[in-house]
Amino acid sequence: MNELTGNRIRTTVGKLGLPHLAETINEYTRRADEAKMGYPDFLDLVLSEELAVRDDRRFRQGLRLSKLPHHKTLDEYDFSFQPELDPRKVKDLATLSFIDAKANAALLGPPGVGKTHIAVALAVAACRAGYSIYFTSLDDMVRNLKAAEAAGRLVNKLGTYLRPSVLVVDEVGYQTLERAEANLVFQVVSKRYEKGSIILTWNKTFSEWGQVFGDEVLATAILDRLLHHCEVISINGPSYRLKNRLQAIERETDVA
Ligand code: ADP
Ligand code: MG
C-alpha cells in the first residue's frame, strides 16, 4: 500500500471513529497479501476484528461502571460442592433469556453457599452480552436513597437503580428495614417491574420476608412484584467459606 493511500485511510477511519483500524491497517493488508485474500474476505476480516475490539472495549467499560465486587464466572463455581443444586437451573439462567424477558432471578440460601458468586457470574455474562449492569447491596442502596431523599435528589438517585438493564441487589435479609426504607425499596422494585431485571441474593426464606421489610403490606407489595416473573434458586448446603477454613484447621491440627 502506498503512503498516500495509507495516510488517507488512517484519516478516514479516524473520522469514522475506528481508532483500532487506524493502528492496524498495515498489519491487515500484510495478512491479506500473505493469505492472498480476496476483497470480500479482507473486508470481512477488517470489519469483524474491529467489531470484536469494540465489543471488548464496551465490555470492559461496562464492568467498570457495574461496581461488581469481582468478576468470577460460572466456570469457577464447583457444582460438586453443592450436590442439591441442579447445575441445569443455573445454566438455564446463564442463557440470559430471563433478562430479555425483563424477569427477575432470586438466589436463596445461608451464607457462604455462593449466592453472590452466581449472581456476579450471571451479571458478568450479561455485561458481555451487552446489557448494562449495576451491583449494590440492599444496605448501600437504601442508605444512598435515604441520603438523596434528605438532600431533595431522590428522583436523580433512583435513576442509578432504574437505568441499568440488570440491577443486582445483594444481601437482602441481613438487616431489618424501617417503613420509610422499605418504601424506597418498593419504589425501585415497582418502577423496574416488567421494565428491567433484578438479580437478588437473599439469605432467608420468603416466608420471613415480612420481618425484613417491617411492614407486612409493603412487604407483600414488594414480594408480589419481585416474584411475579422470577426464577428462584435455593441453595441449601454447606458454606464454601467454612470448607476452606475447616480444611486449613484440620491441616494445622494434623501437623500438631
Ligand atoms: P454467599 O453470597 O452465598 O454468602 P459467596 O458467593 O460470597 O457466598 O461465596 C463465598 C466464597 O466462596 C466466594 O469466594 C465464592 O467465590 C466461593 N464459593 C462459594 N461456593 C463456591 C463453589 N461451589 N465453588 C467455588 N467457589 C465457591
Ligand atoms: Mg453474598
Side-chain angles (χ1 to χ4, degrees), residues 59 62-64 66-96 98-99 104-128 131 133-145 160-161 164 166-177 181-182 185 188-189 192 197-209 211-213 222-223 226-227 230-252:
F59 173 53
L63 282 184
R64 261 199 307 281
S66 70
K67 303 266 173 63
L68 286 168
H70 51 74
H71 302 146
K72 289 188 182 172
T73 62
L74 284 186
D75 291 340
E76 293 168 80
Y77 190 83
D78 178 5
F79 283 94
S80 69
F81 189 70
Q82 295 296 349
E84 281 184 39
L85 171 63
D86 183 352
R88 280 174 306 184
K89 282 188 104 175
V90 179
K91 286 174 184 160
D92 257 7
L93 283 182
T95 65
L96 308 177
F98 76 103
I99 296 176
N104 302 326
L107 296 147
L108 274 64
V113 295
K115 300 182 298 296
T116 304
H117 184 136
I118 293 175
V120 166
L122 293 172
V124 170
C127 185
R128 193 181 287 284
Y131 293 105
I133 314 293
Y134 194 78
F135 177 100
T136 179
S137 67
L138 181 74
D139 201 15
D140 280 349
M141 182 172 85
V142 168
R143 191 152 15 86
N144 284 330
L145 287 173
T160 305
Y161 305 104
V166 180
L167 178 68
V168 185
V169 184
D170 197 26
E171 301 195 338
V172 181
Y174 275 97
Q175 157 224 11
T176 306
L177 302 184
E181 295 172 332
V185 175
V188 173
V189 170
R192 288 193 69 89
S197 296
I198 297 177
I199 300 176
L200 67 88
T201 76
W202 169 246
N203 78 336
K204 293 199 165 59
T205 60
F206 281 127
S207 59
E208 296 166 294
W209 193 261
Q211 292 164 21
V212 173
F213 293 95
I222 292 172
L223 199 59
L226 267 177
L227 292 186
C230 188
E231 303 291 335
V232 179
I233 293 187
S234 290
I235 313 175
N236 291 309
S239 163
Y240 198 84
R241 285 193 196 99
L242 281 183
K243 168 205 164 199
N244 288 338
R245 280 303 302 140
L246 293 179
Q247 278 176 352
I249 291 165
E250 266 166 26
R251 270 199 303 276
E252 279 161 27

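Atoms within each ligand, like the ligands themselves, are counted from 1 in listed order. Counting begins at 1 with the first residue of the sequence.
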Check: Which residue supplies the protein heavy atom nearest to atom 6 (O) of ligand 1, what is that atom called, and how far is it?
Finding: His117 N, 2.8 Å
Next item on the list: Can you pull out the closest protein heavy atom to atom 8 (O) of ligand 1? Residue, atom name and distance to 0.1 Å, please.
Entry: Gly114 N, 3.2 Å
Margin query: Return the closest protein heavy atom for atom 19 (C) of ligand 1 as residue, atom name and distance.
Written below: Tyr240 CB, 3.2 Å
Next item on the list: Any chance you could lay out the side chain to side chain donor-acceptor pair (under 3.5 Å) test for Asp170 and Ser137, step after step, and finish with the verdict?
Entry: CA-CA 4 Å; Asp170 197 26; Ser137 67; over 6 Å; no
Margin query: Checking the N or O distance criterion of under 3.5 Å, is ligand 1 in contact with Val113?
Written below: yes
Notebook entry, point to check: What atoms of ligand 1 come closer than 4.0 angstrom to any heavy atom of Pro111?
Noted result: 4 (O)
Notebook entry, point to check: Cut-off 3.5 Å, side chains only: do Asp75 and Thr73 have a donor facing an acceptor?
Noted result: no
Checklist line | Minimum-distance protein heavy atom relative to atom 11 (C) of ligand 1 | finding: Arg241 CG, 4.1 Å
Item checked: Option of least heavy-atom distance to atom 25 (C) of ligand 1 (set: Glu171, Lys243, Lys115, Glu76) -> Glu76
Notebook entry, point to check: Should the pair Tyr77 and His117 be assigned to parallel (<30°), tilted (30 to 60°) or perpendicular (>60°) ring geometry?
Noted result: perpendicular
Next item on the list: Starting from atom 14 (O) of ligand 1, find the nearest protein heavy-atom neighbour and note its residue, name and distance.
Entry: Lys72 NZ, 2.8 Å
Check: Are the side chain of Lys115 and the backbone of Gly109 linked by a donor-acceptor contact shorter than 3.5 Å?
Finding: yes
Note to self: Students should be able to answer this: which protein heavy-atom is nearest to atom 4 (O) of ligand 1, and at what distance?
What the structure shows: Gly112 N, 2.8 Å
Item checked: side chain to side chain contact (heavy atoms under 4.5 Å, CB included) partner of Thr136, chosen from Asn144, Val168, Leu167, Val188 -> Leu167
Item checked: Contact partition for Tyr77 relative to ligand 1, non-hydrogen atoms under 4.0 Å -> both
Note to self: Suppose we measure from atom 24 (N) of ligand 1 to each protein heavy atom; which comes out shortest, and what is that distance?
What the structure shows: Asp78 N, 2.7 Å
Note to self: Between Phe81 and Phe79 (judged by ring centroids, cut-off 6.0 Å), do the two rings come close enough to count as a pair?
What the structure shows: no
Next item on the list: Give the residue, atom name and distance (to 0.1 Å) of the protein heavy atom nearest atom 2 (O) of ligand 1.
Entry: Thr116 OG1, 2.7 Å
Check: Going by an N to O cut-off under 4.0 Å, is there a salt bridge joining Arg143 and Asp140?
Finding: yes
Item checked: Donor-acceptor under 3.5 Å (Thr201 side chain, Glu171 main chain) -> yes
Check: Of the backbone and side-chain N, O or S atoms of Thr201, does one lie nearer to the Mg ion (ligand 2) than 2.8 Å?
Finding: no
Check: Heavy atoms, side chains only, cut-off 4.5 Å: are Leu74 and Val90 in contact?
Finding: yes
